[in-house]
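Written below as structure tokens is the structure these notes are about.
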Amino acid sequence: MQSYSVEPAKAVRGEIVVPGDKSISHRSIMLGSIARGVTTVRGFLRGEDNIATLNAFRAMGVEIGDDGETLRIEGKGLHGLAEPGDVLDCGNSGTSMRLLTGLLAPQRFYAVLSGDRYLRRRPMRRVVEPLTRMGAAIFGRDGGEKAPLTIVGRELSGITYSSPVASAQVKSALMLAGLYAAGETRVTEPHISRDHSERMFRHFGADIATGPDGVVVRGGRELDGRDIVVPGDISSAAFFMVAALIVPGSELLIRGVGVNPTRTGIIDILSAMGGAIELVDQREVCGEPVADILVRSSLLKGIEISGEVVTRAIDEFPVICVAAACADGRTIVREARELRVKETDRIAAMATNLRAVGVNVVETEDGMEILGAERLVGTTLESFGDHRIAMSMLIAGLAATKGITVTDTECIGTSFPTFISLLERVSLR
Ligand code: S3P
């Protein structure tokens, strides 16, 4: 088992570029594979989650070339995928599994999706149930709740679905199925979740409309291959934003980060805590807003976090907890129950780890209360097999008394293979 230690830093300084956005990278492979003609993808995230998606499409007969910089996908058209010869292994990736379930439900073949022991524990009924209403035949353990999932392709019909959770994976699974379904597929959600699918569907020429009544996809229209440039992942940038905020004397410029408003909850939350964060040179790339992010160390204060911003920062809570642990006063997180069904139960995992570094934490059913500590105490911690828990606690090490060691850090490779080298480059000792 790999482990890694981070010593306290004197400052975090310099300029970095974080790897491509994970959500957009998944979608580029999926839409490129079912479009007609060639799609090229620059800035693709070569993390294990995205490689799982790429391998799944290769296993369904899609040729995907890679010269180390640009992917070249030879799109097969809506009905050109071939039945895979084996189980499609989604690894640790919930996005691969849930979106593929939607995309495979209307194919004319049989497929099985599985993944690692963490993914096989995660809830799948949230996609299986509405897809079944569209006419899909999907089977899984625990009455369709857990992978492995078996999908027997069927013709589908569009439905109107009000999702009880704000989840881009649920929405996107139904939108992908909707590309094939008869009539209209309409999805509404309690708060708008990340809208990368909507933007990319439009970019590929899908029949899609968005408005206050949700997203509507009309089935049957072929997509056309496109050139895609993937912006830097704000979820990866978030670790470095917090690093620069909590270590005194820091100034960091993170270049080329996606700042889609459905993803910028982290900037809103850290700014409300008193963080000095500036967006520089805002621009648009392939229908996605992009900017450079300038962060300077700041005295943070505790705040209350609930409502729609929770959805817009859902993947950033582990590192928000670290910011809260270094802030003055109490931070209260509510309405964040979804954190319990991520790669691990992130409320329980962060409560355990923060307590171990001397922080006073109260766990609640749908969130937590964190009382900022004078100084974090260095120790050895577990990653719980979750990339974002591992990276968050390593960031905490920059501001701890004698550094922090995290065990089982292989998981970092699922989303951010260059994390350690970037961290070493900008940490001054
Ligand atoms: C993702 C959606 C979110 C997020 C995940 C990526 C996506 O999950 O947590 O890391 O790419 O659609 P939910 O849809 O379960 O909220």
Side-chain angles (χ1 to χ4, degrees), residues 19-31 44-45 47-50 52-54 90-103 115 118-119 121-131 145 147 161 163-177 187-201 215 230-231 233-239 258 260 262-266 288 308-320 335-347 349 366 386-389 391-392 411-412 414-416:
D21 186 274
K22 183 153 76 74
S23 295
I24 298 175
S25 294
H26 281 298
R27 288 155 172 82
S28 69
I29 298 279
M30 293 183 187
L31 292 192
F44 180 75
L45 170 62
E48 286 154 22
D49 280 13
N50 294 109
T53 291
L54 187 148
C90 300
N92 188 247
S93 174
T95 308
S96 307
M97 183 168 284
R98 296 202 181 109
L99 270 57
L100 272 169
T101 303
L103 180 57
Y118 301 101
L119 185 55
R121 287 204 288 255
R122 296 184 65 188
M124 294 298 147
R125 194 174 285 127
R126 53 178 62 196
V127 291
V128 170
E129 195 266 327
L131 288 168
E145 176 68 328
Y161 186 65
S163 176
V165 281
S167 161
Q169 293 178 355
V170 171
K171 176 174 63 178
S172 304
L174 298 188
M175 289 172 66
L176 287 162
V187 189
T188 60
E189 46 187 349
H191 303 293
I192 176 157
S193 62
R194 62 189 68 190
D195 67 354
H196 304 301
S197 296
E198 290 89 317
R199 288 170 190 258
M200 205 180 281
F201 271 47
V215 50
V230 181
D233 197 328
I234 192 167
S235 296
S236 299
F239 299 107
N260 178 319
T262 61
R263 295 284 299 282
T264 48
I266 179 68
E288 289 279 352
E308 59 87 36
V309 76
V310 171
T311 304
R312 295 194 300 112
I314 193 67
D315 288 342
E316 283 62 80
F317 276 90
V319 82
I320 289 168
E335 299 173 337
R337 194 172 289 105
E338 275 295 297
L339 296 177
R340 295 216 180 263
V341 291
K342 291 295 175 188
E343 284 79 334
T344 188
D345 176 342
R346 287 182 172 162
I347 294 175
D366 69 346
D386 183 325
H387 54 137
R388 299 201 205 280
I389 302 290
M391 290 186 276
S392 299
C411 52
I412 291 173
T414 60
S415 70
F416 199 167

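Atoms considered below: every heavy atom in the structure, side chains included; atoms not considered: hydrogens, waters and symmetry mates. Atoms within a ligand are numbered from 1 in the order they appear, just like the ligands themselves.
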task: Answer with side chain, backbone, both or neither: which part of H26 has a heavy atom less than 4.0 angstrom from an atom of ligand 1?
output: neither

message: Using 0.5 Å steps for rounding, measure from the CZ atom of R125 to the CG atom of L131.
response: 13.5 Å

- prompt: Considering only protein heavy atoms, which is closest to atom 1 (C) of ligand 1, and at what distance to one decimal place?
  reply: Q169 NE2, 3.5 Å

task: Looking only at protein heavy atoms, identify the closest one to atom 6 (C) of ligand 1 and say how far it is in Å.
output: T95 OG1, 3.4 Å

query: Under 3.5 Å, N or O to N or O, is A168 touching ligand 1 that way?
result: yes

field: atom 8 (O) of ligand 1: nearest protein contact (heavy atom, Å)
entry: K342 NZ, 3.1 Å

- prompt: Any side-chain heavy atom of S235 sitting closer than 4.5 Å to one from R388?
  reply: yes

query: Would you call D386-R346 a salt bridge at under 4.0 Å N-O?
result: yes

- request: Identify, for atom 9 (O) of ligand 1, the protein heavy atom at the shortest distance, and state residue, atom and that distance.
  value: D315 OD1, 2.5 Å

task: Specify the protein heavy atom at minimum distance from atom 14 (O) of ligand 1: its residue, its atom name, and the distance to 0.1 Å.
output: S167 OG, 2.6 Å

query: Is there a heavy atom of R27 sitting under 4.0 angstrom from any atom of ligand 1?
result: yes

- prompt: Only one of E338, E145, E189 clears salt bridge (Lys or Arg N to Asp or Glu O under 4.0 Å) with R126; which?
  reply: E338

message: Pair V230, L45 - check side chain to side chain contact (heavy atoms under 4.5 Å, CB included), show working.
response: CA-CA 8 Å; V230 181; L45 170 62; over 6 Å; no

- request: Report yes or no: does R98 have a heavy atom closer than 4.0 Å to ligand 1?
  value: yes

message: Return the NE2 to OG distance between H387 and S415, rounded to the nearest 0.5 Å.
response: 4.5 Å

task: Considering only non-hydrogen protein atoms, determine which one is nearest to atom 11 (O) of ligand 1 and report residue, atom name and distance to 0.1 Å.
output: S23 OG, 2.7 Å

message: Between R263 and D21 (salt bridge meaning N to carboxylate O under 4.0 Å), is one present in this structure?
response: yes

